[in-house]
Amino acid sequence: MDEIRLLQQPPSKDEANAKTLSLLNTRIPNWNALMHLEGLEDWVRAAEEETNSLNNELATSTSNLSKEKAAVVDATTTTVTAAQDAALARHILSDDLSALSEELVSSREHGLGQPTLLEDLEALHRNLKGLQHVQQYVRVIQQALSLSAAAIDQFKASQKQKEVTAASLSKYVELQDFTKKVAVLCKESISTPGSGSESLGLVGFLNSVRNHTWSSLKTLLFEELIACAEKLKWPGAVDWLSTPVEDRQLFVAAFLKLLSLQEIGDSFPIEPGDDSDVKSGVYPLQALAQPVSARFKYHFDGQRETNRIDKPEWYFTHILNIIHQHRGFMETTIQTVLNSTKYKTINAQREFTRTLFPILAKKLKRSMPDLLQNSALLAHTIYQAIVFDTQVKEDGFALTGTLQPSGSESGDWEGVSDVILGRKEWFDAWLEGERLFAEAQYDEVVHSPDAWQLIDDGALSGEDATATTDLRPTNSARRIKALFEQIADRYKPLPKFNHRAQFLIEIQVSILEHYHTRISGSLDAFETLTSSLMRAVPGALAGQVGHQYDTRRLTSGVDGLQRLIKAFVSARWITIAMQNWGEQLFYLELWKEINDRASLREKARGHMSLPNPTPDSVVEGTLFDELIAQYDTLTARSEDLIVQHVVSETDSALRPHVASPWTTASEEGSVLPSTLLVPVTALQQQLAFISTILPATSVTILYRRICSSISSFLVERMVLQHSRSKLAVTDSAVLTAEYSLWIECSRQAVGKLVRKIDPPWQRLKEAATVLNMEQDNYLELVRAAWDGNETAFEQTCEKFGISSFTQREMRQALRLRSDCPR
């Protein structure tokens, strides 16, 4: 622009004059040069011409410059306008780009409720793809339904034929092949993301169409057979021989027709279906079960009086009657028909019986919501189901000779009761109800007023009397035993050892543990009441047994002894019962299963009152060994307390006697001191009470322990400690007389049960022998005691029949006589 402005300025005169002057000075430096200059005119002329030419060019340039300037201005104006429009467009595009960028960001990032355009496009794409899949699926389903309808129509058209042929099932075969083909394709498409669940759903639906089609074909022939059976008065009793021949022939034909359908179905490469009705039995017998089911529903599923939830035995008996009613018809007529077909290995009676079980299973399942609300009704229903299963098995039913459902384990029939017992939550509900009932029964037993009363002689049954060796138990012990056996009777018929083990561990063992704790607690209370505190401060614990009640009456004399004997016989009774239970076949088998099965071993190991099971070894011992050991300890403890009680009572009564002086012998013989009457009477009373309650074996053991302790006490205090001072030689027979009194007391108390009365009093007898020796023998024994060695002493003692004294004790005993020289 500056150059243009410079060119537009007019020429400078000063500059032109200066250039002209410079040119003239150059060419004409002086006057002489001007005078001698040649061609001046030519030069001037040439300069004028050049000036004119330049003026012309200037005029042309000026004219062109104006034109160009106008053109440039116009072009510049246009360019500026275009640039302004471009800038505006750029801003508009920038705004649009920002808006589009915001729309492409997911609305979820900003918490907005509207999806973005991209999300809309993706959703539409997915919907379009899903609709395409649906369209494909609908076409497949339409094809399957068309084949299903065609198969049913084809079978109906051929129903008048005498038997079912493969040609009459060609459409069904096409349906089956179509289903198989689709299943293969869907299996291949599972690897495609997002198509797995839809493919599996389609296959499942096609399978259901195929199964429904096969069921429809069966139903057509079922109706034909049922119509023929009704002419035989089915489901009532069938008199085959009195039925018209034509009706019998129609029935047999319909029966065989169904068998031919089943035979063709068995030959298919793919099973006709996966439902429970397939392979669940012989088709004709399934058809005959339908009228039975209809009559069952009429009586036990409607509003009739026979439909009572508290009377499950009614519908179980109804099915049993049906089984018995048609046994002859099944074993003769139906079995004969089956023997003429490929199903000749099927036992008609057993197979028919099995087809009736689903009727009861459905009834039980429908009743469960109400039964779970009432534990008593639930237990009663399960008991009746077990009774039904037992009766059916006793009637000869087994899975052998039947079409066992596919997938079930071979073996014994689990029974209709498994409908309830096979579901953990239902079985647990029953087990909990039984546990609560057993605990209530236990509480009633141990809290009854006569719980700890001893049973009278002759009140025991023959089995109990034999099993317990004449032991008289308490009412609670006998009732606990009966409760234990009652619980066992309720679960013994259970087919699964797992269920049996749960009953044993959670109910039976728990009851025995509670009873053990109860007896142990009574012994703890007895020991507390007989503690040194109670003896020192009478009534210190009176608040535990009642206000202003003399607790010594509870623990002294025969009353205290009676309480201990009750604990003893209760524990002993249960111990003997457990020993007998452990040898029973039922508990031996259960113990073996617990050892063999890992799950049962874990349950047993978690219970401290059960032995530790050992797998893969010969099972030794019994199920109750651990509990027997606990009860044996309890029995031994109660036995120790009985001995301690009687000995303590007798020792207390003997204190005045052992502190009194020796009595003087009269001419008629030794006179027994009056202080001996009380302890002898106390011992006799308590021994006599023991002999009236306990059997001979227990009486003998207790007698020996009690009298041995009393004998040792007498010898220790009177003979060794000289508590009664010196004994005159003339009175040396007094101790012998006292010994004879103790023997006579013992004989009167327990002589009928204990054969040998003397052994427990041996120490007292030997002490009396030593003190009542003749002078020569006495001195010989003195010399052996002081001067002889151990061997000589023993030989001398053996000579006089003495064996319970040591040499040191013998010296103490000999010093008791006033004539002892040492």
Side-chain angles (χ1 to χ4, degrees), residues 375 379 421 424 427-446 451 467-468 473-474 476-494 496-522 567 570-615 619-635 637:
S375 58
L421 304 180
K424 185 179 184 303
F427 174 80
D428 289 344
W430 176 44
L431 182 64
E432 179 65 14
E434 290 293 298
R435 186 186 64 80
L436 295 176
F437 174 76
E439 288 182 354
Q441 291 289 98
Y442 169 81
D443 291 338
E444 182 180 349
V445 167
V446 297
T468 54
T474 59
S476 63
R478 187 182 65 167
R479 292 169 185 168
I480 289 296
K481 177 176 179 288
L483 176 61
F484 187 94
E485 293 173 344
Q486 175 187 347
I487 296 170
D489 291 338
R490 295 181 71 86
Y491 78 86
K492 275 184 179 179
L494 295 180
K496 296 183 179 179
F497 284 99
N498 180 48
H499 294 158
R500 298 181 189 179
Q502 287 185 261
F503 262 88
L504 172 75
I505 295 173
E506 299 188 22
I507 300 181
Q508 288 183 296
V509 172
S510 177
I511 288 177
L512 296 178
E513 289 176 334
H514 290 332
Y515 195 59
H516 179 279
T517 303
R518 182 79 178 185
I519 298 174
S520 179
S522 68
S570 297
R572 183 59 184 159
W573 176 273
I574 298 299
T575 301
I576 296 174
M578 287 190 293
Q579 291 171 347
N580 294 331
W581 293 331
E583 298 299 330
Q584 293 178 6
L585 179 61
F586 172 76
Y587 291 108
L588 289 173
E589 291 178 346
L590 183 56
W591 179 231
K592 183 179 182 302
E593 290 296 327
I594 290 176
N595 281 273
D596 292 343
R597 301 188 182 188
S599 59
L600 298 184
R601 288 198 301 272
E602 289 301 320
K603 291 181 180 179
R605 288 195 181 103
H607 210 286
M608 300 299 295
S609 295
L610 290 177
N612 188 25
T614 54
V619 178
E620 298 180 355
T622 67
L623 187 57
F624 301 99
D625 283 352
E626 184 64 31
L627 280 169
I628 289 174
Q630 295 177 14
Y631 270 84
D632 280 340
T633 303
L634 189 62
T635 303
R637 180 187 176 193

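Sequential numbering from 1 along the given sequence is applied to the chain's residues.
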- request: Not counting sequence neighbours, which residues clear salt bridge (charged side-chain N to carboxylate O under 4.0 Å, His left out) with Glu434? List them please.
  value: Arg490
message: My understanding is that only residues two or more places apart in sequence, or in another chain, count here; which of them pass side chain to side chain donor-acceptor pair (under 3.5 Å) with Arg518?
response: none
task: Measure the spacing between CD of Gln441 and CG of Leu436 and express it to the nearest 0.5 Å.
output: 12.0 Å
- prompt: Quick one: does Ser522's side chain have a donor or acceptor within less than 3.5 Å of a partner on Ile519's backbone?
  reply: yes
- prompt: If you look at every heavy atom in Trp591 and Asn612, which pair is closest and at what distance?
  reply: CH2-C, 4.4 Å
message: When you compare the side chains of Thr635 and Asp632, does any donor N or O come within less than 3.5 Å of an acceptor on the partner?
response: no
Under the side chain to side chain contact (heavy atoms under 4.5 Å, CB included) test, residues paired with Gln486 that sit two or more places apart: Phe437, Leu483
- request: State whether the number of non-hydrogen atoms from other residues, nucleotides or ligands found under 6.0 Å of Glu432 atom CD is greater than 12.
  value: yes
Nearest heavy-atom neighbours spanning Ile574 and Ala477: CD1-O, 3.6 Å
For Arg478 against Trp573, the heavy-atom pair lying closest together: CA-NE1, 3.8 Å
message: Looking at every non-hydrogen atom in both residues, tell me the closest pair between Leu634 and Ala571 and how far apart they are.
response: CD2-CB, 4.1 Å
- line: Heavy atoms of Gln630 and Met608 approach each other most closely as NE2-O, 4.1 Å
- request: List the steps, then state whether side chain to side chain contact (heavy atoms under 4.5 Å, CB included) holds for Phe624 with Tyr631.
  value: CA-CA 10 Å; Phe624 301 99; Tyr631 270 84; over 6 Å; no
Ser520 and His516 side chains, donor-acceptor separation under 3.5 Å: no
query: By side chain to side chain contact (heavy atoms under 4.5 Å, CB included), which residues pair with Val445, not counting sequence neighbours?
result: Ser476, Arg479, Ile480
field: Polar side chain donor-acceptor pair, Ser609 to Glu513, under 3.5 angstrom
entry: yes
message: I'd like to know if the side chain of Tyr442 reaches the main chain of Leu512, judged simply by a donor and an acceptor atom lying under 3.5 Å from each other, with no hydrogens or angles considered.
response: no
message: Any side-chain to backbone donor/acceptor pair from Tyr515 onto Ser570? Under 3.5 Å, distance only.
response: no
field: Short side-chain to backbone donor-acceptor contact, Glu593 and Phe497, under 3.5 Å
entry: no
field: Residues that Phe503 engages under ring pair (Phe, Tyr, Trp, His ring centres under 6.0 Å), provided they are two or more places apart
entry: Trp430, Tyr491
- prompt: Is the shortest heavy-atom distance from the side chain of Gln502 to the side chain of Ile507 under 4.5 Å?
  reply: no
CH2 on Trp581 to CG on Leu588, rounded to 0.5 Å: 14.5 Å
statement: dist Lys492:NZ -> Leu590:CG (nearest 0.5 Å) comes out at 11.0 Å
- prompt: Is the backbone N or O of Thr622 less than 3.5 Å from a side-chain atom of Asp625, with the two atoms forming a donor-acceptor pair by type?
  reply: yes
message: Working to the nearest 0.5 angstrom, can you tell me the gap between Thr575 OG1 and Leu627 CG?
response: 9.5 Å
task: Taking side chain to side chain contact (heavy atoms under 4.5 Å, CB included) as the test, write out the residues that go with Lys496, two or more places apart.
output: Glu414, Asp418, His499
- prompt: Hey, does the side chain of Arg500 reach the backbone of Leu494 with a donor-acceptor pair shorter than 3.5 angstrom?
  reply: yes
task: Find the distance between CG (Leu600) and CG (Leu610) and round it off to the nearest 0.5 Å.
output: 11.0 Å
- prompt: With the threshold set at 4.0 Å, does a side-chain nitrogen-carboxylate oxygen contact exist between Glu589 and Lys592?
  reply: no
Exercise: identify the closest heavy-atom pair between Arg435 and Glu439: NH1-OE2, 2.6 Å
